[in-house]
Amino acid sequence: MITLNEWQQQGQLESINGQQIFTRQGGDKSAPVLLLIHGYPSASWDWEGMWEALTECYYVITLDMLGFGLSAKPKNACYLITEQADIFQSYLNKLKVSDYHILAHDYGDTVAQELLARQVNSNDGSGSHEPRIASVCFLNGGLFPETHKPVLIQKLLLSPLGPLVAKLINKQKFADNLQRIFGPETPPTQEVVDTLWPLLNHNNGLAVMQKLIDYIPQRKQHRERWVGAVINSDVPIKLIDGAKDPISGQHMI
């Protein structure tokens, strides 16, 4: 297991689109590029368990999205999915990446759908100089908003009580919610809880949780664009889905 301290030491904070974003890369720079996009409400540390295996085959790039993990969490930000996609595109351009593969999870699936939509729409003759997506692998996430089943805490954060609910979240409540989502046969270890909780709290992260949860109504608002990106894309797309996920499991498949 890569500890949070080791993960942080092996990455760095960089200014991307005017925000301090935690980034990390690994592997041979001559290998195919793989972009990892994490979920809600965690961070890029989610990938630590497969980091070593992935870096044997790919040049792996990841970051903590705005509002997550070790990155900036400004209270006045809108936290739009399009803004997160802008950050990824700016970072890929900064690294001079020409083409790349995507592995995304949960919230990250929606960011990947927006990146895919931009590529699909650039194929209409308008032209684009952005890095090209070679393939996408989606892990559990709300690809179709009508099949997404938010858990109680997500519903409460979406409600007018959201700011109050965020303040009342403690480590035990957080652990209980992880337990429900992880599934009966794969509960989170104490080390996972002990790592994700400080990542959530870093830079006063609880204060923006109700803003980050706005990705759920954004999915409904942009359904045609984001579902259309999956339907109309000409790049290989794969879904790997844990069926027992109560939010985006068997019913989403």
Side-chain angles (χ1 to χ4, degrees), residues 1-74 77 79 81 83-112 114-115 131 133 136-137 139 141 174 178 188-209 212:
M1 177 178 176
I2 304 173
T3 67
L4 178 56
N5 187 50
E6 291 169 335
W7 189 264
Q8 186 170 4
Q9 288 179 351
Q10 292 163 5
Q12 60 184 340
L13 282 173
E14 301 195 45
S15 179
I16 305 174
N17 293 3
Q19 301 287 356
Q20 288 295 300
I21 301 296
F22 176 80
T23 66
R24 187 165 182 207
Q25 307 91 44
D28 186 344
K29 289 187 177 182
S30 65
V33 175
L34 176 64
L35 180 67
L36 306 179
I37 311 180
H38 67 78
Y40 173 97
S42 48
S44 61
W45 181 83
D46 275 357
W47 306 106
E48 65 83 22
M50 60 181 76
W51 186 260
E52 185 177 345
L54 291 176
T55 54
E56 289 177 359
C57 303
Y58 298 95
Y59 180 53
V60 184
I61 298 170
T62 192
L63 54 77
D64 290 354
M65 286 181 274
L66 186 67
F68 294 87
L70 301 171
S71 290
K73 299 173 180 176
Y79 296 104
I81 292 294
E83 183 179 17
Q84 305 286 16
D86 289 343
I87 289 171
F88 278 108
Q89 284 194 320
S90 293
Y91 191 49
L92 290 168
N93 282 325
K94 185 176 183 179
L95 294 175
K96 295 181 169 55
V97 171
S98 58
D99 57 86
Y100 64 105
H101 303 271
I102 295 176
L103 176 60
H105 173 235
D106 185 59
Y107 180 104
D109 283 10
T110 309
V111 178
E114 169 58 24
L115 290 168
I133 300 167
V136 181
C137 183
L139 304 179
F174 177 68
L178 285 182
T189 64
Q190 191 59 49
E191 289 81 6
V192 167
V193 174
D194 289 343
T195 302
L196 292 182
W197 179 245
L199 277 168
L200 184 63
N201 281 275
H202 187 77
N203 286 340
N204 195 24
L206 287 176
V208 300
M209 278 196 76
L212 288 172

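Treat the numbers as computed from the prediction; the structure is a model and nothing was measured. In this chain, numbering begins with 1 at the start of the sequence shown.
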Test side-chain contact (heavy atoms from CB on, under 4.5 Å) on Tyr100 and Ile61; report intermediate values, then the result. CA-CA 10 Å; Tyr100 64 105; Ile61 298 170; over 6 Å; no
Would you please test Met50 and Leu103 for side-chain contact (heavy atoms from CB on, under 4.5 Å) and show each step? CA-CA 12 Å; Met50 60 181 76; Leu103 176 60; 4.0 Å; yes
side-chain contact (heavy atoms from CB on, under 4.5 Å) for Leu206 and Asn201? Distances and angles first, verdict last. CA-CA 6 Å; Leu206 287 176; Asn201 281 275; 3.4 Å; yes
What do the steps show when you test Leu63 against Glu14 for side-chain contact (heavy atoms from CB on, under 4.5 Å), and what is the final call? CA-CA 10 Å; Leu63 54 77; Glu14 301 195 45; over 6 Å; no
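Across Ile102 and Ala112, no two heavy atoms sit closer than the pair CG2-CB, 4.0 Å. Summarising the geometry of Gly108 relative to Met65, their closest heavy-atom pair is CA-CE, 4.5 Å, with the distance given to 0.1 Å. Listed here is the closest heavy atom pair of Pro198 and Val193: CD-O, 4.3 Å. Taking each heavy atom of Pro74 and Val208 in turn, the nearest pair found is O-CG1, 3.8 Å. Between Ala43 and Leu199, the closest heavy-atom pair is CB-CD1, 4.1 Å. For the pair Ile81 and Thr110, the tightest heavy-atom approach, listed with the atom from each and the gap, is CG2-O, 3.8 Å.
When each of Tyr107, Tyr79, Trp45 is tested with Phe68 by the rule ring-ring contact (aromatic ring centres under 6.0 Å, His included), just one qualifies, namely Tyr107.
Between the side chain of Thr62 and the backbone N or O of Leu36, at least one donor-acceptor pair lies under 3.5 Å. Remark: the backbone N or O of Asn204 is not paired with any side-chain donor or acceptor of Lys73 at under 3.5 angstrom. For the pair Glu48 (side chain) and Ile2 (backbone), a donor-acceptor distance under 3.5 Å is present. Side-chain atoms of Thr23 come within 3.5 Å of backbone N or O of Gln12 as a donor-acceptor pair. A donor-acceptor pair under 3.5 Å is formed between the side chain of Ser71 and the backbone N or O of Asp64.
With values rounded to the nearest 0.5 angstrom, Gln25 atom CD is found 12.5 Å from Leu34 atom CG. The distance from the CD1 atom of Ile87 to the CD1 atom of Ile21 is 4.0 Å, given to the nearest 0.5 Å. Between atom CD of residue Gln190 and atom OG1 of residue Thr195 there is a gap of 9.5 Å, rounded to the nearest 0.5 Å. Rounding to the nearest 0.5 Å gives a distance of 12.0 Å between CG of Leu54 and NE2 of His101. Atom CG of Leu115 and atom CD of Gln84 lie 10.5 Å apart (nearest 0.5 Å).
No hydrogens or angles considered: a donor-acceptor pair under 3.5 Å links the side chains of Ser30 and Asp28.
Figure legend: cation-pi geometry between Arg24 and Trp47 absent, as NZ or CZ is not positioned both under 6.0 Å from the six-membered ring centre and within 45° of its axis.
A 4.5 Å side-chain heavy-atom check between Asp109 and Val136 finds every atom pair outside the cut-off.
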